[in-house]
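A quick write-up on the structure given underneath.
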Amino acid sequence: SLRKSYRDRGVMYDILSSILAMPDIWTLELAVEATQVASLLAQSTEEHHQKLSTVALKHILTAYRQTIENSLNTPVS
C-alpha cells in the first residue's frame, strides 16, 4: 500500500504516521519502503511532512542500525 501512495504526499504522511505508532509491525521490508516514503516527504514544501520524514528516518536508522552496519562491513565477493 505504500507504493500505491507515492503520488499523494498526504496519503504517504498518514500511512507513515500510522505505522510509526506501531513499532511491533516493523520488518526490514517495511523499513525499506518507509525509507523511500520518508525520502519523498523530505522533498515536500510542507514542514510537517519534513518533520515526519526526519522522525521516520531516525526510527529506521536506530532500529536497523546493526543490520545496516553489518551490511556495510560485509566484504563484496
Side-chain angles (χ1 to χ4, degrees):
S1 69
L2 283 176
R3 288 182 192 214
K4 292 179 184 177
S5 71
Y6 281 178
R7 288 184 229 118
D8 186 338
R9 286 195 174 130
V11 172
M12 286 190 290
Y13 179 90
D14 290 343
I15 292 171
L16 189 55
S17 181
S18 295
I19 63 175
L20 278 170
M22 299 181 284
D24 295 343
I25 70 164
W26 281 79
T27 63
L28 184 56
E29 183 179 5
L30 181 58
V32 169
E33 292 292 328
T35 300
Q36 293 173 6
V37 169
S39 295
L40 291 170
L41 287 176
Q43 299 170 35
S44 174
T45 57
E46 299 289 333
E47 185 176 345
H48 64 282
H49 289 177
Q50 295 169 0
K51 286 183 179 181
L52 183 66
S53 172
T54 302
V55 169
L57 291 172
K58 182 178 178 183
H59 170 76
I60 293 163
L61 290 172
T62 301
Y64 293 93
R65 176 181 169 196
Q66 194 62 51
T67 303
I68 295 166
E69 185 178 330
N70 292 344
S71 179
L72 292 173
N73 291 330
T74 302
V76 177
S77 17

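In this structure, CG in L52 is found 6.5 Å from CG in L41, a value given to the nearest 0.5 Å. Rounded to the nearest 0.5 Å, atoms CG (D14) and CD1 (I19) are 11.5 Å apart. For the atom pair CG of L61 and OG1 of T35, the computed distance is 7.5 Å after rounding to the nearest 0.5 Å.
Legend: residues meeting side chain to side chain donor-acceptor pair (under 3.5 Å) with N70, ordered by chain and number and at least two apart, are Q66. Q43 pairs by the side chain to side chain donor-acceptor pair (under 3.5 Å) definition with nothing, not counting sequence neighbours. Every residue two or more places apart in sequence or in another chain that forms a side-chain contact (heavy atoms from CB on, under 4.5 Å) with T27 is listed here: E29, L30. By the side-chain contact (heavy atoms from CB on, under 4.5 Å) test, T54 is found to be paired with no residue, residues two or more places apart in sequence or in another chain being considered. Taking K58 as the reference, nothing meets the side chain to side chain donor-acceptor pair (under 3.5 Å) condition, with sequence neighbours excluded.
Listed by first then second residue, pairs satisfying salt bridge (Lys or Arg N to Asp or Glu O under 4.0 Å) with a partner in residues 66-77 number zero, not counting sequence neighbours. Pairs engaging residues 9-42 under the ring pair (Phe, Tyr, Trp, His ring centres under 6.0 Å) rule: Y13-H48, Y13-H49, W26-H59 [sequence neighbours left out]. For residues 41-50, the pairs satisfying salt bridge (Lys or Arg N to Asp or Glu O under 4.0 Å) are E47-K51, with sequence neighbours left out.
Tracing side-chain contacts under 4.5 Å through hydrophobic residues (I, L, V, M, F, W, Y), one never reaches V37 starting from L57; they form parts of separate clusters.
Here the closest non-hydrogen pair linking S39 and S53 is N-OG, 4.4 Å. When all heavy atoms of I60 and A31 are compared, the pair lying nearest together is CD1-O, 3.7 Å.
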